[in-house]
Colleague: 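Take a look at this one; I'll ask things after.
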Amino acid sequence: MLRWLIGGGREPQGLAETGEKLLELNGHTQKITAIITFPSLESCEEKNQLILTASADRTVIVWDSDTGRQVQRISCFQSTVKCLTVLQRLDVWLSGGNDLCVWNRKLDLLCKTSHLSDTGISALVEIPKNCVVAAVGKELIIFRLVAPTEGSLEWDILEIKHLLDHQDNILSLINVNDLSFVTGSHIGELIIWDALDWTMQAYERNFWDPSPQLDTQQEIKLCQKSNDISIHHFTCDEENVFAAVGRGLYVYNLHMKRVIACQKTAHDSSVLHIAKLPNRQLISCSEDGSVRIWELREKQQLAAEPVPTGFFNMWGFGRVNKQASQPVKKQQENATSCSLELIGDLIGHSSSVEMFLYFEDHGLVTCSADHLIILWKNGERESGLRSLRLFQKLEENGDLYLAV
């Protein structure tokens with residue numbers, strides 16, 4: 001079952017403004033493993049956005065986003081499709097499982113690779129020169145798509161290069177910008193890659209302890225389990241890569257090529273999803289059912305300035321976690337130039353919060369294993385809107401002038 005929660009080509013007027021359910025899409029028999037929107041080309045007169053969903057039932061279903069109607073079901077896969085991506089410029093989409101397949105808008109299979117791995121492709125992103133990079137176990141594989149030409153009418157997908165620098169399975173892969181992408185592994189390796197020549201720009205494996213004198217074996221022993229250092233998710237802006245590492249949050253500066261801020265125990269359990277908010281703020285959710293909002297602040301500001309309430313008051317829910325806000329050890333203060341300060345705690349879920357969607361002016365939607373979808377609003381903004389609507393109503397009725 002899929003509820004329409006994607007703010008894609010149209011304004012999310014239903015869910016994000018009122019919490020009203022727009023559509024409910026039923027078709028898969030097992031859990032959904034990937035979801036993506038496929039917008040129409042700008043040159044196309046008929047604007048028809050599609051939703052693509054993949055499932056552990058080894059199918060991909062194409063839906064009409066306006067009506068929720070099932071357009072077509074593809075069931076020729078030999079394994080679960082774990083990731084989907086759209087190459088908008090070429091008007092094709094790719095599915096990644098044990099192999100990599102290229103499809104057009106009419107759902108014709110254009111080309112595919114041979115069997116890559118029993119574990120399958122765990123993540124897939126587009127990079128320049130008609131290429132994509134796929135995470136397969138501990139490897140990254142660069143593929144190039146060859147579109148039809150006068151000499152050849154067939155599509156093809158070529159295996160260009162294998163990148164073998166990770167020592168364990170790759171869990172996270174995103175584009176940083178047009179020129180670079182970042183990967184994170186099960187044992188806490190972060191690697192920044194050049195998207196043009198596929199060389200390593202930076203390597204960081206210093207998340208579990210910022211003190212440089214410990215060897216690798218000692219560092220690993222500091223954690224009770226390897227999951228404490230797994231990089232589950234990334235987000236980024238122009239300056240930094242934000243990483244969800246085990247139960248913690250780390251900020252890696254792209255120019256300095258080092259970690260500039262961290263909260264090693266941002267949550268009581270693994271952090272599953274993070275996103276960047278405006279004004280140097282970050283939001284995270286965890287297996288422990290918590291959703292927290294953080295602010296990246298310069299260290300020199302901490303002694304002189306009190307921690308602002310920020311979103312803590314504006315969202316109208318929550319409490320500040322005193323333990324998470326305590327200063328980190330002197331070793332970490334020497335190693336980091338900024339601090340992640342907890343400014344909001346959204347309390348409402350009773351089980352693991354799997355992910356969320358942020359709709360800027362409209363609010364935040366969180367999805368949890370407790371089967372609840374909660375819509376959170378910016379309390380300060382909503383109060384201002386209510387006051388504005390009241391004044392408009394008074395003006396329409398003439399009561400505003402009478403009061404004056």
Side-chain angles (χ1 to χ4, degrees), residues 8-9 33-55 58-66 69-117 120-136 139-163 173-175 177-181 193-199:
T33 54
I35 180 169
I36 198 167
T37 58
F38 193 0
S40 301
L41 290 173
E42 293 183 0
S43 59
C44 183
E45 294 183 3
E46 183 180 352
K47 300 299 180 183
N48 179 30
Q49 178 168 264
L50 302 175
I51 308 170
L52 308 176
T53 57
S55 167
R58 297 188 178 185
T59 65
V60 170
I61 298 179
V62 183
W63 313 83
D64 186 295
S65 65
D66 292 321
R69 179 179 61 87
Q70 187 177 135
V71 177
Q72 190 167 334
R73 174 192 295 265
I74 305 173
S75 55
C76 59
F77 300 100
Q78 300 301 312
S79 63
T80 298
V81 173
K82 298 179 181 178
C83 50
L84 300 166
T85 192
V86 168
L87 275 59
Q88 185 71 18
R89 186 173 56 82
L90 298 176
D91 200 32
V92 298
W93 60 276
L94 284 71
S95 61
N98 288 356
D99 51 20
L100 181 61
C101 302
V102 182
W103 309 79
N104 64 14
R105 188 176 292 275
K106 297 179 181 178
L107 310 183
D108 299 319
L109 178 61
L110 303 177
C111 58
K112 62 183 292 188
T113 65
S114 58
H115 181 90
L116 297 172
S117 166
I121 299 172
S122 59
L124 187 68
V125 297
E126 180 183 8
I127 56 177
K129 302 177 182 178
N130 287 355
C131 291
V132 295
V133 55
V136 184
E139 290 186 52
L140 289 173
I141 306 178
I142 308 295
F143 295 95
R144 176 171 287 130
L145 270 68
V146 181
T149 61
E150 294 181 1
S152 174
L153 300 179
E154 301 293 327
W155 284 80
D156 199 3
I157 184 164
L158 306 177
E159 208 170 293
I160 302 299
K161 190 171 184 177
H162 287 239
L163 306 177
L173 165 65
I174 66 164
N175 282 314
N177 48 47
D178 293 338
L179 301 176
S180 58
F181 61 93
W193 304 88
D194 189 297
L196 298 176
D197 60 14
W198 317 313
T199 56

Colleague: Using side-chain heavy atoms (C-beta onward) and a distance below 4.5 Å, is Leu94 in contact with Glu126?
Modeller: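 No - every pair of side-chain heavy atoms lies 4.5 Å or more apart.
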
Colleague: Between the main-chain N or O of Gln49 and the side-chain N or O of Ser65, is there a donor-acceptor pair closer than 3.5 Å?
Modeller: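 Judged by distance alone, yes, a pair lies under 3.5 Å.
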
Colleague: Quick one: pull up CG in Leu110 and CG in Asn104 and give me the separation to the nearest 0.5 Å.
Modeller: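 Result: 4.5 Å between the selected atoms.
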
Colleague: Ignoring hydrogens, what is the shortest heavy-atom contact between Cys111 and Trp155? Give both atom names and the distance.
Modeller: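 Heavy atoms only, the tightest pair is CB-O, 3.8 Å.
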
Colleague: Checking Lys161 now: which residues fulfil salt bridge (Lys or Arg N to Asp or Glu O under 4.0 Å) with it, not counting sequence neighbours?
Modeller: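 With sequence neighbours excluded, Lys161 shows a salt bridge (Lys or Arg N to Asp or Glu O under 4.0 Å) to no residue whatsoever.
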
Colleague: Going from CD1 on Ile35 to OG1 on Thr53, what distance comes out if it is rounded to the nearest 0.5 angstrom?
Modeller: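 These two atoms lie 6.5 Å from each other.
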
Colleague: If we only count heavy atoms from C-beta on, is the Leu100 to Ile141 side-chain gap below 4.5 Å?
Modeller: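 No; the side chains remain at least 4.5 Å from each other.
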
Colleague: For the residue pair Leu84 and Leu52, what are the closest heavy atoms and their distance?
Modeller: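 Taking Leu84 first and Leu52 second, the nearest heavy atoms are CD1-O, 3.7 Å.
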
Colleague: Supply the atom-to-atom distance Ile121 CD1 to Thr80 OG1, rounded to the nearest 0.5 angstrom.
Modeller: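 Rounded to the nearest 0.5 Å, the CD1-OG1 separation comes out at 13.0 Å.
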
Colleague: With sequence neighbours left out, write down each residue that passes side-chain contact (heavy atoms from CB on, under 4.5 Å) with Leu109, or none if nothing qualifies.
Modeller: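 Leu109: side-chain contact (heavy atoms from CB on, under 4.5 Å) contacts with Cys101, Trp103, Lys112.
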
Colleague: To the nearest 0.5 Å, what is the distance between CH2 on Trp63 and CD on Gln72?
Modeller: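 Going from CH2 on Trp63 over to CD on Gln72, the span is 13.0 Å.
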
Colleague: side-chain contact (heavy atoms from CB on, under 4.5 Å) with Ile160: which residues, sequence neighbours excluded?
Modeller: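 Ile160 satisfies side-chain contact (heavy atoms from CB on, under 4.5 Å) with Ile142, Arg144, Leu158, Trp198 once adjacent residues are dropped.
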
Colleague: Do Asp99 and His115 have side chains that approach each other closer than 4.5 Å (heavy atoms only, starting at C-beta)?
Modeller: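 No; the side chains remain at least 4.5 Å from each other.
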
Colleague: Closer than 3.5 angstrom, by distance alone: can the side chain of Ser79 be matched with the main-chain N or O of Asn98 as a donor-acceptor pair?
Modeller: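 Yes; judged by distance alone, with no hydrogens or angles, the pair exists.
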
Colleague: Atom OG1 of Thr33 and atom NZ of Lys82: how far apart are they, to the nearest 0.5 Å?
Modeller: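 NZ of Lys82 is found 9.0 Å from OG1 of Thr33.
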
Colleague: Taking atom CG as the centre, does Asp197 end up with more than 12 heavy-atom neighbours from other residues, nucleotides or ligands that are less than 6.0 angstrom away?
Modeller: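 Result for CG/Asp197: enclosed.
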
Colleague: Restricting to non-hydrogen atoms, name the atom on Ala54 and the atom on Val60 that form the minimum distance, rounded to 0.1 Å.
Modeller: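 Residues Ala54 and Val60, closest heavy atoms: CB-CG2, 4.0 Å.
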
Colleague: Would a 4.5 Å heavy-atom cut-off, applied to side chains only, mark Phe38 and Val92 as touching?
Modeller: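 Phe38 vs Val92: side chains apart.
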
Colleague: Quick check: closest heavy atoms across Ala34 and Cys83, and the distance to 0.1 Å?
Modeller: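 Taking Ala34 first and Cys83 second, the nearest heavy atoms are CB-CA, 3.9 Å.
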
Colleague: What are the two closest non-hydrogen atoms of Arg58 and Gln78, and how far apart are they?
Modeller: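 Minimum heavy-atom contact is NH1-O, 2.9 Å.
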
Colleague: So do the side chains of Leu87 and Val132 get within less than 4.5 Å of each other, counting heavy atoms only?
Modeller: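 Yes, their side chains come closer than 4.5 Å.
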
Colleague: Minimum heavy-atom separation for Asp178 and Ala195, please, with both atom names.
Modeller: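 Minimum heavy-atom separation between Asp178 and Ala195: O-CB, 4.0 Å.
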
Colleague: Would Leu163 and Trp193 count as a side-chain contact (heavy atoms from CB on, under 4.5 Å) if you check the C-alpha gap in whole Å, the side-chain angles of each, and the deciding distance to 0.1 Å?
Modeller: CA-CA 10 Å; Leu163 306 177; Trp193 304 88; 3.7 Å; yes

Colleague: Could you check if a side-chain atom of Val133 sits within less than 4.5 angstrom of a side-chain atom of Phe181, using non-hydrogen atoms only?
Modeller: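 Contact flag for Val133/Phe181 side chains = yes.
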
Colleague: Is the shortest heavy-atom distance from the side chain of Ile127 to the side chain of Asn175 under 4.5 Å?
Modeller: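 The answer is yes; the side chains approach within 4.5 Å.
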
Colleague: How long is the gap from CG on Asp194 to CG on Leu179, to the nearest 0.5 Å?
Modeller: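 So the gap between those two atoms works out to 7.0 Å.
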
